[in-house]
Amino acid sequence: MHDGSGRIVVQGLTKQFGPVAAVQNLSFTVEPGSVTGFLGPNGAGKTTTLRMLLGLVTPTAGTALINGSPFDRLGNPGRVVGAVLEAQGFHPKRTARNHLRVYAAAIGVPDARADQVLQLVGLGAAGDRKAGEFSLGMKQRLALATALLGDPQILVLDEPANGLDPEGIAWLRSFLQSFARSGRTVLISSHLLAEVEQTVDQVVIISRGQTMFYGPLDNLRAQQQARVLVQPSDAGALVAALREQGVAGIEQLPDGRIAITGVEVQQVADVALKAGVSIYGIEEERADLERLFFQLTSGQYAGQDQYAAQGQFPPGQFPGQFPPGQGQFPGQQQGSGYYAPPPGYQQQGYQQPGYQQQPGYQQPGYQQPGYQQQQQQPNPYAPPGTGQQQPDNPYGQQQGGA
């Protein structure tokens with residue numbers, strides 16, 4: 001049943017439940033030899049999409065194809081696709097081995113395969129135990145064993161790490177990567193990027209049923225913006241020296257440190273040395289992938305009018321939404337991971353709208369966006385001649401020592 005492709009193609013997929021648009025114009029491709037993470041908050045449309053892919057829900061529009069065909073035209077789909085949408089489909093009085101033998105008979109594989117997959121998922125010693133006695137993590141393993149009965153070309157798993165302990169998660173990661181390296185295809189859904197970050201090769205991130213990012217995980221990592229955090233003896237002198245070197249991305253933090261973007265640690269240290277400024281602490285900080293995930297999926301349950309009122313995106317258009325009738329953003333190459341928010345949209349998650357100073361606190365010599373001093377001071381951290389303040393901190397408000 002393996003035709004050598006193992007490709008999943010979702011194009012313009014849409015599902016409307018009455019007035020509710022569960023999935024809107026979703027498009028992505030899952031290639032063999034890779035583990036793809038299908039990510040989004042709870043309620044984002046992940047399970048609905050998987051159910052359409054597996055022929056359990058009829059799309060309102062668009063297609064979901066496996067090896068170029070809908071699921072119901074695969075002939076013996078259990079030999080092509082192994083799927084787990086929930087880990088609760090067990091008769092509580094039936095042993096794990098007998099449960100697997102029932103499914104083996106249904107897809108036409110020998111009973112011996114039940115013992116093989118029990119060993120594969122680490123349940124070899126639990127084959128004679130009743131499924132009703134299993135923990136949630138053991139039920140997840142038994143569900144995966146059921147999906148593996150037909151030696152499938154493709155695995156489609158919904159929240160497969162749910163209920164697994166750290167050892168089980170590490171085992172699952174190793175197993176799925178090994179499965180993909182054999183030339184097969186893995187598509188796993190999750191609402192936590194950190195849960196699958198070390199497992200997947202590419203990601204499809206959705207929110208409100210729409211694609212927010214699609215591409216290799218390395219492309220998502222490349223969107224991280226590093227900054228240097230420094231505690232100088234003389235902030236004003238260091239800022240002036242950095243300005244002379246053409247450094248513009250400078251910001252004062254509430255804890256007294258300076259955040260500099262677009263530079264390396266060594267460059268800042270060299271500039272400080274030449275300016276005669278002592279450095280009491282210096283480090284490089286990177287926004288992690290979890291923050292990027294929250295940035296792309298923020299506002300899942302917030303009202304659209306609220307966001308529009310805040311000027312975060314135009315009324316009637318959510319951030320990252322594909323233009324009507326299109327399966328990808330303008331200018332996006334297949335699998336590039338290019339993400340272009342609509343005009344006027346301000347990304348969330350990294351923005352610092354300003355901080356509130358402590359009562360009675362005065363910081364002479366600069367004006368921090370977001371609070372009022374008793375006397376307005378010109379901002380020396382703005383580029384010369386602009387009279388403007390620097391943009392808000394794109395990393396979120398610092399607490400203590402970052």
Side-chain angles (χ1 to χ4, degrees), residues 218-296 298 311-312 319 337-341 343-357 363-371 373 376-402:
D218 288 342
N219 288 16
L220 185 61
R221 288 193 176 102
Q223 295 188 14
Q224 299 179 88
Q225 185 181 18
R227 64 177 184 172
V228 175
L229 305 179
V230 58
Q231 182 74 57
S233 61
D234 187 336
L238 179 57
V239 169
L242 289 168
R243 293 292 185 203
E244 290 178 1
Q245 297 295 320
V247 179
I250 303 174
E251 180 188 5
Q252 181 80 35
L253 298 180
D255 59 8
R257 293 183 298 172
I258 296 174
I260 309 130
T261 57
V263 295
E264 301 290 337
V265 171
Q266 295 85 348
Q267 181 182 352
V268 175
D270 290 343
V271 171
L273 180 62
K274 292 179 182 179
V277 178
S278 299
I279 297 297
Y280 302 138
I282 188 168
E283 63 177 311
E284 185 180 46
E285 181 189 66
R286 289 185 176 272
D288 58 24
L289 290 180
E290 192 75 359
R291 286 188 181 182
L292 290 174
F293 175 73
F294 289 142
Q295 172 192 355
L296 293 172
S298 59
Q312 292 170 340
Y338 172 73
Y339 169 68
Y345 168 59
Q346 298 177 0
Q347 293 180 337
Q348 305 172 36
Y350 294 162
Q351 293 182 338
Q352 180 182 359
Y355 68 92
Q356 298 296 323
Q357 67 182 36
Q363 176 69 36
Y366 75 94
Q367 173 66 39
Q368 175 72 15
Y371 74 88
Q373 291 180 327
Q376 296 291 329
Q377 301 287 338
N379 177 20
Y381 299 109
T386 64
Q388 299 179 354
Q389 297 172 346
Q390 288 298 298
D392 289 341
N393 174 15
Y395 287 79
Q397 183 168 340
Q398 293 291 318
Q399 301 291 337

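Worth knowing before you read on, the calculation uses all heavy atoms, side chains too, and leaves out hydrogens, waters and symmetry mates. Quick caveat: nothing in here was measured; it's all calculated off a predicted structure.
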Trainee: Quick one: side-chain contact (heavy atoms from CB on, under 4.5 Å) partners of E244, sequence neighbours excluded?
Mentor: none
Trainee: Can you measure from CD (E251) to CZ (R257) and round to the nearest 0.5 angstrom?
Mentor: 11.5 Å
Trainee: Atom CZ of R227 and atom CG of L253: how far apart are they, to the nearest 0.5 Å?
Mentor: 5.5 Å
Trainee: Would you say that Q267 contacts V247 through its side chain, given a criterion of any heavy-atom pair below 4.5 Å between the two side chains?
Mentor: yes
Trainee: For E264, I'd like to know if atom CD has over 12 heavy atoms of other residues, nucleotides or ligands within 6.0 Å.
Mentor: no
Trainee: So which heavy atom on A269 is nearest to which on I282, and how close?
Mentor: N-CD1, 4.3 Å
Trainee: What heavy-atom pair brings D255 and Q231 nearest, and what distance separates the two atoms?
Mentor: O-OE1, 4.0 Å
Trainee: Give the table of side-chain donor-acceptor pairs shorter than 3.5 Å for residues 233-242, with sequence neighbours excluded, one pair per line with atom names and distance.
Mentor:
unit_1, atom_1, unit_2, atom_2, d
S233, OG, S278, N, 3.0
S233, OG, S278, O, 3.4
D234, OD1, G236, N, 3.2
D234, OD1, A237, N, 3.1

Trainee: Q252 side chain to G256 main-chain N or O, any donor-acceptor pair under 3.5 Å?
Mentor: yes
Trainee: With a 4.5 Å limit on heavy-atom distance, are the side chains of L220 and L296 in contact?
Mentor: yes
